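The model shown is predicted, which means the values in this text are computed figures rather than measured ones.
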Amino acid sequence: MPLSHPMLPINIRPGDLKPFGDTWLLEENLSRGGDYSSIKFGELIDRAVGASLAHFLGDLPIIKPNSNHLLPSDMNAVEVGDFRVVGGVRPQNFDVGYRPDGVRFAFDSKTLNDIESVGKNYQNMINDLATEATTVHTRFPYAVVAFIVAIPRPALSEPQESALIQTLERMSNRSTPQDQPHLAEAVSLLIWDPYTGNIDPDVPTTDSSIRIENFSTLVEASYTARYKGLPPH
């Protein structure tokens, strides 16, 4: 299928986020179980990324992968759900993928959901992102690896906010397959307001590469540069 469409912006609406916000406000946290858990929040992001990617790749079907299988059931489909990549560092599960002839695209969503989690875990999360990018790129150097990190606005404050933004900016925009493998082709930081469901319009700043508005543009540019004109595109 040709690359016939631009990659659409990631569509996460306030109405989608508000029920998670209502749940968050009860305990100032999202649990790992229930209809509006941290797991379901990640799945919301994953579906939005999968829909945008499938449209960009020529309106491909979207399938649920079998996490126990190392190959997709449909080689020319976008996978949304846990799938396993045996990479150069360790086996790793990702949330959205496209693997027609090996890994061409791998995406993972990350959520930190309360003040304590941000304070204790944001540096470990950054280490995980770098390791996940490395494990894919060392085996598949042409792969496009992308991440979205989502944090509720009340849970993020200084000095963690500035440190997180600066580090994620350094990790993003891997523009060529020769760049360092721990970098990612696209990284976005999504700060959301549990009171309204709105995404913070001011953080990161408008000139930052890790704003959610830039995610699809970065993915499309990297994928097109590496695969346009090559089967199946």
What pair of heavy atoms forms the shortest contact from R211 to V203, and how long is it? NH1-N, 4.3 Å

Before you tell me yes or no, could you show the steps for V144 and R226 under side-chain contact (heavy atoms from CB on, under 4.5 Å), namely the whole-Å CA-CA distance, both residues' side-chain angles and the distance that decides it to 0.1 Å? CA-CA 9 Å; V144 177; R226 296 174 198 181; 4.3 Å; yes

Is there a donor-acceptor pair under 3.5 Å between the side chain of T138 and the backbone N or O of T134? yes

With a 3.5 Å distance limit and no angle check, can you tell me whether S52 reaches the backbone of L8 through a side-chain donor-acceptor pair? yes

Can we say R99 and E79 salt-bridge, meaning some charged N sits less than 4.0 Å from an Asp/Glu carboxylate O? yes

Could you state the interatomic distance from CG (L190) to OG (S109), rounded to the nearest 0.5 Å? 11.0 Å

How about F41 and W24: are their ring centroids closer than 6.0 Å? no

Output yes when E132 and K110 qualify as a salt bridge under the 4.0 Å nitrogen-oxygen rule, no when they do not. yes

In terms of relative ring orientation, are Y227 and Y223 parallel, tilted or perpendicular, with 30° and 60° separating the classes? tilted

CZ/R84 to CG/N66 distance, rounded to the nearest 0.5 angstrom? 12.0 Å

If you look at every heavy atom in M125 and L164, which pair is closest and at what distance? CE-CD1, 3.9 Å

Does I62 belong to the same Ile/Leu/Val/Met/Phe/Trp/Tyr cluster as I148, with side-chain heavy atoms less than 4.5 Å apart forming each link? yes

Answer yes when R153 and D200 have at least one side-chain N-carboxylate O distance shorter than 4.0 Å, and no when they do not. yes

Work out which heavy atom in R32 is nearest to a heavy atom in I39; give both atom names and the distance. O-CD1, 3.3 Å

Can you hop from Y122 to L189 via hydrophobic side chains spaced under 4.5 Å? yes

Closer than 3.5 angstrom, by distance alone: can the side chain of H182 be matched with the main-chain N or O of A130 as a donor-acceptor pair? no

Checking the side chain of D179 only, and the main-chain atoms of S175 only, is there a donor and an acceptor separated by less than 3.5 Å? yes

A163 and T167 have their tightest heavy-atom pair at O-OG1, 2.8 Å

Under 4.5 Å between side-chain heavy atoms, counting indirect links through other Ile/Leu/Val/Met/Phe/Trp/Tyr residues: same cluster for V78 and V103 or not? no

Could you grab the distance from atom OH of Y195 to atom CG of L17, nearest 0.5 Å is fine? 15.5 Å

N121 (side chain) donor-acceptor with V118 (main chain) under 3.5 angstrom: no

Can you tell me how far CD1 of I45 sits from NZ of K40, rounded to the nearest 0.5 angstrom? 14.0 Å

Please work out which of the three classes, parallel, tilted or perpendicular, describes the rings of H233 and Y98, given edges at 30° and 60°. tilted

